[in-house]
Every structure is written in structure tokens, then in C-alpha cells.
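Before any comments, here is the structure.
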Amino acid sequence: MPELAEVEYIRRQWDAGVGARVTRVALHAGKRVVRDVDPAECERLLVGSTLLGSEARAKQMIFRFGRGQQVAAWVGIHLGMTGELRIEPASFSPGKHGHFVLFQRERTLVFTDPRMFGRVRLAAGPEVPEWWAKLPPEVLSDEFTLERVTAFLSRRKKSAVKALLLDQTMFPGVGNWMADEILWRARIDPRTLGGQLKPAQVKTLWEETREVCRGALATVAIDFSDPPEDWFFHVRWADGGECPRCGLTIQTATIGGRTTRWCPRCQR
DNA sequence: CGAGATGTTCGGCT
DNA sequence: AAGCCGAACATCTC
């Protein structure tokens, strides 16, 4: 499910537990989602510590825990395809998909993930863990420059631009629907190879990548509401949709291993 | 019942 | 070596 803006929205679901101590943890040891977490270490680090705060970055989240304001442990969560965070009553008992659960006196913080493509990580100590510190520059940061994108595309000459937009090292946070939205706004055919894009198209792609991230964060991330009505988003979920710009029936194909929809007239 | 799903990662080929 | 592609992961929903 989640891309950039959805991840930010989902992260905030656990804000209800900020400032409160963890009384107990439960995880489905042996399941894929928690393969990086040692249950004993998890208990030692988290039980008795306070959830201090959290951040989202691209498709990832990190939660800080400690005593007082001193950070002593970090929990990283990637939601994969079907991960969700929820708050449940203190009396909650985790079901089949409740893979990582933090109990507090007045509520329970639950991470569910039926398909288990997500991932939980744990780190000890006051230092930001390396896997978080080393995430690539965010699309909306100053470091996400046109030059970076240009260099990337010229290195990946033989890949369809749709596949390239899904590369998290260059476009962190962009997922399948955002990639289609970006290409629709940039009027670029998703099958175009990286090496075939003209400099003007690369510039537009770079700009629209930022615009789509900005727009999604202004809507979806705030209250999980849909993006503006004129976005391609609204027509891209099924065959037979019409281009919001020209009205032509949109086209569907698998590109870069993912279902892709675009307007065959507007995007060339 | 089969197909496909807003994601990553691995292994093999060029 | 770097880049490219397809399969695999595990479960649910349409």
C-alpha cells in the first residue's frame, strides 16, 4: 500500500503513544517481518522505555525510545505492501497479522502486515542507526538536484523510465501510483528508455517528481484524503479510465514488472 | 478459482 | 563490474 505520503500519515498513528512508557512487547518471532529483531534484545531495550517521537522518510519510519529525553533505542519500520500502524485498547491481544506490538498502560501500538513484505529493525544506543543515516537524499530536499537525476538517467540508459522512477536510491518514496502520476504530468511515455529522454524532458521529470511529492504530502499525508480532483490518480486504478486532460481512454501494460497506466495521446 | 496487489531483494545473464 | 530482468517472498481480495 504505502508510498511517501501514506507512510507519513501512518507514522502519526502512533503519536498517541508518545511520552508514554512501554510495558510489554509482543512479536511473532520467526516471521519474515521481524527477521532482524532478536526478541530478547527487543524486550530488554523497549520495556520500561518511553516512546519519544518518530520521523518518516521516503517509505520508512523510525521511532525513538529512551529514558527522560535520552535516546536509548530505535525501531525502524518499513510497511512493505500491506503494513499498517494502529492504536488499540490496552486490553488488545494481537491476532495472526499483529507482528510487532508495543503495549502501554493506556493503549497498544500495533503493526500489522498480512503479506509480510515489511520489515522491523531495532538498534541500541543514542546514535542514529546507520541504516537510517544512510538513506538517500529526499526528493524535496535541496540535494535532489537536476544534475543528480540527469547523471542517473544517463547511467541507466536501457531501462524504461517507469522502472527508474521506482528505484528508491534515486527517487526515495516514489511508488507505483506516484510514478504514473509523475509521467502523466511530465507527458512522458512510461516505456521511454532513460537514455532516450531529451534534456528538456529530464528537467520536466525532475520538476514533476517534486510536484507530485509536494501535492501528495499536502493531501494524503494530512488526513489520508485523495489528491486534487484533476490528478491522474483518480483514473489509474482500473482499465477503461479516461485521461483527465484529453479524455482519451488510458492504456495499461506491465512495465518494470508493475502495472502501468498512461495516456497514449498526452504521453510520448 | 485464478489473477493481481501503493514493495524489495536475490540470482543469473549480458 | 555494472546494469538489466524476472522470480520469489506470503496472504488476501476481487
Side-chain angles (χ1 to χ4, degrees), chain A residues 1-11 13 27-36 56-61 76-85 94-100 111-121 131-132 134-136 139 151-184 190-197 209 212-213 215-217 219-221 224-227 231-241 250 252-262:
Chain A
M1 175 186 186
E3 309 177 26
L4 186 83
E6 290 109 345
V7 173
E8 168 58 17
Y9 177 81
I10 292 171
R11 174 193 71 79
Q13 303 313 298
L27 53 86
H28 286 160
K31 292 291 192 184
R32 180 186 163 88
V33 225
V34 289
R35 61 194 178 281
D36 299 328
R57 194 161 164 181
K59 294 178 185 172
Q60 324 223 21
M61 302 173 289
I77 298 183
H78 191 299
L79 297 166
M81 205 85 124
T82 53
E84 286 178 20
L85 301 185
K96 186 180 179 191
H97 303 309
H99 299 302
F100 183 82
F111 168 52
T112 57
D113 184 7
R115 284 179 77 179
M116 298 195 281
F117 290 174
R119 173 194 279 227
V120 180
R121 304 199 237 212
W131 42 259
W132 184 263
K134 283 171 70 174
L135 291 173
V139 167
F152 175 75
L153 294 171
S154 64
R155 215 180 333 126
R156 308 280 303 270
K157 286 184 174 52
K158 299 262 183 74
S159 281
V161 62
K162 167 64 187 269
L164 296 179
L165 277 169
L166 296 173
D167 189 318
Q168 297 300 297
T169 60
M170 184 53 46
F171 301 102
V174 173
N176 205 30
W177 77 254
M178 290 178 74
D180 282 1
E181 187 76 39
I182 291 162
L183 292 167
W184 178 76
R191 297 165 296 187
T192 313
L193 303 184
Q196 293 174 330
L197 291 167
T209 300
V212 169
C213 287
L217 287 171
T219 53
V220 181
F224 224 78
S225 60
D226 285 349
W231 279 37
F232 188 66
F233 175 90
H234 300 281
V235 303
R236 74 159 300 283
W237 302 104
D239 288 334
I250 61 175
T252 304
T254 298
I255 303 171
R258 312 299 300 282
T259 296
T260 301
R261 293 201 168 87
W262 73 99

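Numbered from 1 within each chain, the chains take letters A, B, ... in sequence-line order. What you are looking at is a predicted structure, and each value in this text was computed from that prediction instead of being measured.
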Rounded to whole Å, please give me the gap between [atom1] in [X] and [atom2] in [N].
X        : N      : atom1 : atom2 : result
A/Lys157 : C/dA2  : NZ    : P     : 16 Å
A/Ile255 : C/dC5  : CD1   : P     : 12 Å
A/Met116 : C/dA8  : CE    : P     : 18 Å
A/Leu79  : C/dA10 : CG    : P     : 19 Å
A/Leu164 : C/dG3  : CG    : P     : 11 Å
A/Arg119 : B/dG7  : CZ    : C1'   : 12 Å
A/Asp239 : B/dA3  : CG    : P     : 16 Å
A/Lys158 : C/dG6  : NZ    : P     : 15 Å

Answer yes or no: side-chain N or O of A/Arg155 and base N or O of C/dA2 forming a donor-acceptor pair under 3.5 Å.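 Under the 3.5 Å cut-off, the side chain and the base do not form any donor-acceptor pair.
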Distance below 4.0 Å between [X] side-chain N/O and [N] OP1 or OP2:
X        : N      : answer
A/Gln168 : B/dT8  : yes
A/Ser159 : C/dC5  : yes
A/His97  : C/dC12 : yes
A/Thr259 : B/dA5  : yes
A/Arg258 : B/dG7  : yes
A/His78  : B/dT8  : yes

Could you give the distance from CZ (A/Phe111) to CD (A/Glu84), rounded to the nearest 0.5 Å?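 It is 9.5 Å, given to the nearest 0.5 Å.
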More 5' along DNA chain C: A/Arg32 or A/Lys96, using each one's nearest nucleotide?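 Final value for this comparison: A/Arg32.
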For the residue pair A/Trp231 and A/Trp177, categorise the inter-ring angle as parallel (less than 30°), tilted (30 to 60°) or perpendicular (more than 60°).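 Correct class here is tilted.
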Mutual orientation of the aromatic rings belonging to A/Tyr9 and A/Phe224 [parallel < 30°, tilted 30-60°, perpendicular > 60°]: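 Tilted.
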A/Val174, A/Asp180, A/Asn176 screened by side chain to side chain contact (heavy atoms under 4.5 Å, CB included) with A/Met178, the one that passes: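 Answer to the side chain to side chain contact (heavy atoms under 4.5 Å, CB included) test with A/Met178 among A/Val174, A/Asp180, A/Asn176: A/Val174.
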Strictly by Watson-Crick or wobble contacts shorter than 3.5 Å, is anything paired with C/dA10, and which nucleotide is it?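 Check on C/dA10: unpaired, no WC or wobble geometry under 3.5 Å.
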By a 5.5 angstrom centroid cut-off and a 30 degree plane limit, is there stacking between A/Phe117 and C/dC9?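 Taking the rule of under 5.5 Å and under 30°, the ring of A/Phe117 does stack on C/dC9.
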Taking the nucleotide of DNA chain B with the nearest heavy atom to each, does A/Trp237 or A/Arg35 sit closer to the 5' end?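 Nearest nucleotide further toward 5': that of A/Trp237.
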